[in-house]
**Q** 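Attaching a single structure in structure tokens format; questions to follow.
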Amino acid sequence: MYKRTNIKTTRFILMCICFGISFGIMAQEEEIVGTIVTDRPDATEASSTVGKGILQIETGAFYTSFEKDNIKEEVLGFNTTLLRYGLLEHLELRLGWNFEEGRTSVNGMRLEDITSGFSPLLAGAKIDVAEENGFLPEIALIGHIFLPLSASSDYRPETTGVDFRFSLSHTLSERSSLGYNIGAQWGSDSPEAAYIYTLAYGYSITENFGFYAELYGDMPEDSSANHYWDAGFTYLLLKNLQLDATVGSSITEGQDILLSAGVSYRIPK
């Protein structure tokens, strides 16, 4: 009788353990059930934060070139990493750092002098302002500072850069959305403000495959405006893992080609 009771107790304990493990797995899956929303690959920042306790890593590489009067300037970005951490449900902290290499060619001959190193460290935050409600868009406010002492000598400015922007978005249909940013930035050792804008249209071709097209630029107070376009694809390998690829150029003078590719990964709580 004692042995039979002991066996039943053991079975009950094992069932509880199995149920607990299954519940833990289900809870973890529940934490990452939402599809990842990223701030790359376009210039338009997302209008939502990552969520409390979530760490999201967005990284990639890019190439740009511009040629004028037989002088060609090329820039390679080997590491464009942005870390986003949800401190609160509607507040995320942000850190970003790029490693870049600049090359110059004259009449097809590449000069030996190469600029190389880290750009100023980006530190900032994003806060949710409003949820989408009918015609009213979802809104977030983003602000950054760019720390000169964190940059390599080739990319170190004399002053601290600052930017802010409001990020807004509308759901157009089950498959499409519209996002746009408006704001301003100060940097490059210049006291003048440059007003920034972006406008991006996104379309889900399939559940995992998406397309976007974008216009963006900046309008300095005392200089000519710069306008650009890009377009690209995103692919969801998992709900918390996304690949992307982009091609673009400038509308005004300044950029012949932009190529970019990257990956974004959301680590659950």
Side-chain angles (χ1 to χ4, degrees), residues 20-61 79-99 121-133 137-147 150 163-171 174-175 177-181 183 198 200 202 204 206-210 212 232-246 260-269:
I21 293 173
S22 299
F23 180 80
I25 293 173
M26 290 173 64
Q28 186 177 21
E29 289 177 349
E30 181 66 24
E31 288 177 349
I32 63 172
V33 69
T35 301
I36 186 172
V37 178
T38 67
D39 281 345
R40 62 165 300 120
D42 53 9
T44 301
E45 307 280 19
S47 59
S48 59
T49 55
V50 294
K52 184 179 180 180
I54 298 293
L55 175 62
Q56 190 158 301
I57 304 168
E58 304 179 12
T59 189
N79 173 50
T80 59
T81 298
L82 174 65
L83 302 179
R84 303 169 59 192
Y85 177 73
L87 185 65
L88 301 172
E89 191 59 39
H90 300 290
L91 172 66
E92 73 175 42
L93 303 180
R94 301 158 64 85
L95 283 176
W97 217 1
N98 294 355
F99 186 87
L121 178 71
L122 170 154
K126 179 194 290 190
I127 184 169
D128 294 326
V129 175
E131 296 181 354
E132 186 175 8
N133 184 12
E138 182 178 68
I139 306 173
L141 174 62
I142 309 170
H144 302 117
I145 60 173
F146 299 84
L147 304 174
S150 63
D163 75 4
F164 80 91
R165 67 179 67 193
F166 286 95
S167 178
L168 306 94
S169 68
H170 294 272
T171 301
E174 290 185 359
R175 289 182 175 269
S177 63
L178 186 69
Y180 49 101
N181 295 175
T198 73
S204 298
T206 67
E207 186 175 333
N208 298 75
F209 196 51
Y212 83 92
F233 296 94
T234 60
Y235 183 75
L236 284 171
L237 286 175
L238 301 169
K239 286 190 175 182
N240 62 331
L241 180 61
Q242 176 181 281
L243 305 179
D244 63 68
T246 296
S260 174
V263 59
S264 301
Y265 177 64
R266 182 184 60 199
I267 301 172
K269 298 178 184 179

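None of these values were measured; they are calculated from a predicted model.
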**Q** Would you say that Leu82 contacts Arg40 through its side chain, given a criterion of any heavy-atom pair below 4.5 Å between the two side chains?
**A** no

**Q** Between Thr44 and Thr198, do the side chains contain an N or O donor and an N or O acceptor separated by less than 3.5 Å?
**A**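 Yes - a donor-acceptor pair under 3.5 Å links their side chains.
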
**Q** Quick check on Glu131: does its CD atom have over 12 non-hydrogen neighbours (other residues, nucleotides or ligands) under 6.0 Å away?
**A**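 For Glu131, atom CD is not crowded (no more than 12 foreign heavy atoms under 6.0 Å).
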
**Q** Which residues satisfy the ring pair (Phe, Tyr, Trp, His ring centres under 6.0 Å) test with Tyr85, sequence neighbours excluded?
**A**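 Not a single residue meets the ring pair (Phe, Tyr, Trp, His ring centres under 6.0 Å) criterion with Tyr85.
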
**Q** Looking only at atom types and distance, does a side-chain atom of Asn208 sit under 3.5 Å from a main-chain N or O of Leu236, one as donor and one as acceptor?
**A**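 Side chain of Asn208 to backbone of Leu236: a pair is present.
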
**Q** Rounded to the nearest 0.5 Å, what separation is found between the NZ atom of Lys126 and the CZ atom of Arg165?
**A** 9.5 Å

**Q** Report the C-alpha distance between Thr246 and Asp42 in whole Å, list the side-chain angles of each, state the deciding distance to 0.1 Å, and finish with yes or no for side chain to side chain contact (heavy atoms under 4.5 Å, CB included).
**A** CA-CA 8 Å; Thr246 296; Asp42 53 9; over 6 Å; no

**Q** Please determine, by modelled atom types, if Ser47 and Ser169 share a side-chain donor-acceptor pair under 3.5 angstrom.
**A**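 Distance-only check passes for Ser47 and Ser169.
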
**Q** Rounded at 0.5 Å granularity, tell me how far CG in Leu122 sits from CG in Asp163.
**A**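 Rounded to the nearest 0.5 Å, the CG-CG separation comes to 7.0 Å.
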
**Q** Which heavy atom in Thr234 sits nearest to a heavy atom in Pro41, and how many Å separate them?
**A** CG2-CD, 4.1 Å

**Q** What are the two closest non-hydrogen atoms of Asp128 and Ser48, and how far apart are they?
**A** OD1-CA, 3.6 Å

**Q** Given side chains that start at C-beta, do those of Leu91 and Thr49 come closer than 4.5 Å, heavy atoms only?
**A**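 A side-chain contact is absent here, since even the closest heavy-atom pair is not under 4.5 Å.
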
**Q** Between Ser167 and Asn181, does any side-chain donor sit less than 3.5 Å from a side-chain acceptor?
**A**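 On atom types as modelled, these side chains qualify, holding a pair under 3.5 Å.
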
**Q** Looking only at heavy atoms, which two atoms of Leu121 and Gly96 are closest? And how far apart?
**A** CD1-O, 3.3 Å

**Q** Gly124 and His144: which non-hydrogen atoms are nearest, and at how many Å?
**A** CA-CD2, 3.8 Å

**Q** Among all residues two or more places apart in sequence or in another chain, which pass the salt bridge (Lys or Arg N to Asp or Glu O under 4.0 Å) test with Arg94?
**A**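 Per chain and number, Arg94 pairs via salt bridge (Lys or Arg N to Asp or Glu O under 4.0 Å) with Asp39, Glu45, Glu92.
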
**Q** Given Trp97 and Leu83, is the side chain to side chain contact (heavy atoms under 4.5 Å, CB included) satisfied, shown in steps?
**A** CA-CA 9 Å; Trp97 217 1; Leu83 302 179; over 6 Å; no

**Q** Who passes side-chain hydrogen bond (donor to acceptor under 3.5 Å, both in side chains) against Ser150, sequence neighbours left out?
**A**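 Listed in chain order: nothing, the list is empty.
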
**Q** How would you list, by chain and number, every residue that makes a side-chain contact (heavy atoms from CB on, under 4.5 Å) with Ile139, sequence neighbours excluded?
**A**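 Expected list: Val129, Ala130, Pro137, Phe166, Leu168.
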
**Q** Out of curiosity, Leu243 CG to Leu237 CG, how far, rounded to the nearest 0.5 Å?
**A**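 Spacing of CG (Leu243) from CG (Leu237) equals 4.0 Å.
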
**Q** How far does OG1 of Thr38 sit from CZ of Arg266, to the nearest 0.5 angstrom?
**A** 11.0 Å

**Q** How far does CG of Asn240 sit from CD of Gln56, to the nearest 0.5 angstrom?
**A**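 Between atom CG of Asn240 and atom CD of Gln56 there are 9.0 Å.
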
**Q** Sort out for me which residue in Thr80, Asn79, Asn98 forms a side-chain hydrogen bond (donor to acceptor under 3.5 Å, both in side chains) with Thr59.
**A** Asn79

**Q** Return the set of residues passing ring pair (Phe, Tyr, Trp, His ring centres under 6.0 Å) with His170 (not counting sequence neighbours), or none when no residue passes.
**A**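 So His170 forms a ring pair (Phe, Tyr, Trp, His ring centres under 6.0 Å) with Tyr180.
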
**Q** How many angstroms lie between CD1 in Ile36 and OH in Tyr265, if you round to the nearest 0.5 Å?
**A** 9.5 Å

**Q** Please enumerate all residues that pass ring pair (Phe, Tyr, Trp, His ring centres under 6.0 Å) together with Phe233, with sequence neighbours excluded.
**A** Phe209, Phe211

